[in-house]
Amino acid sequence: MGYIPPIRNEQLFQYGNRIPYDQPSIKPISAVAKSKFHEVLTEQQKQINYTILKNEYNRRKFTNRKLICELTGKGYIIDASV
């Protein structure tokens, strides 16, 4: 049985560092992700437009019901007491 001294062979260590690797030891910087700022703005604009259209629809619906009630003399809401 042989004795292995607790020292490092510098020449062998330097030679081992010269071996070419498949991948470089320094990792490349990844590309910057495309921002989604404009997509978010357009999505918010769609939501705002939808709420404006929905409010306009509800206002017109209420006005139409009111006109129909006035013309026919009948209402949609029935007040009854028991």
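Since the model is a prediction, treat every value here as computed from it, not as a measurement.
Interatomic distance, OG1 of Thr63 versus CG of Asn58, reported as 10.5 Å (0.5 Å rounding). Separation of atoms CZ (Arg59) and CG (Asn64) is listed at 9.5 Å; rounding is to 0.5 Å.
In this structure, Thr72 and Ile68 approach most closely via the heavy-atom pair OG1-O, 2.7 Å.
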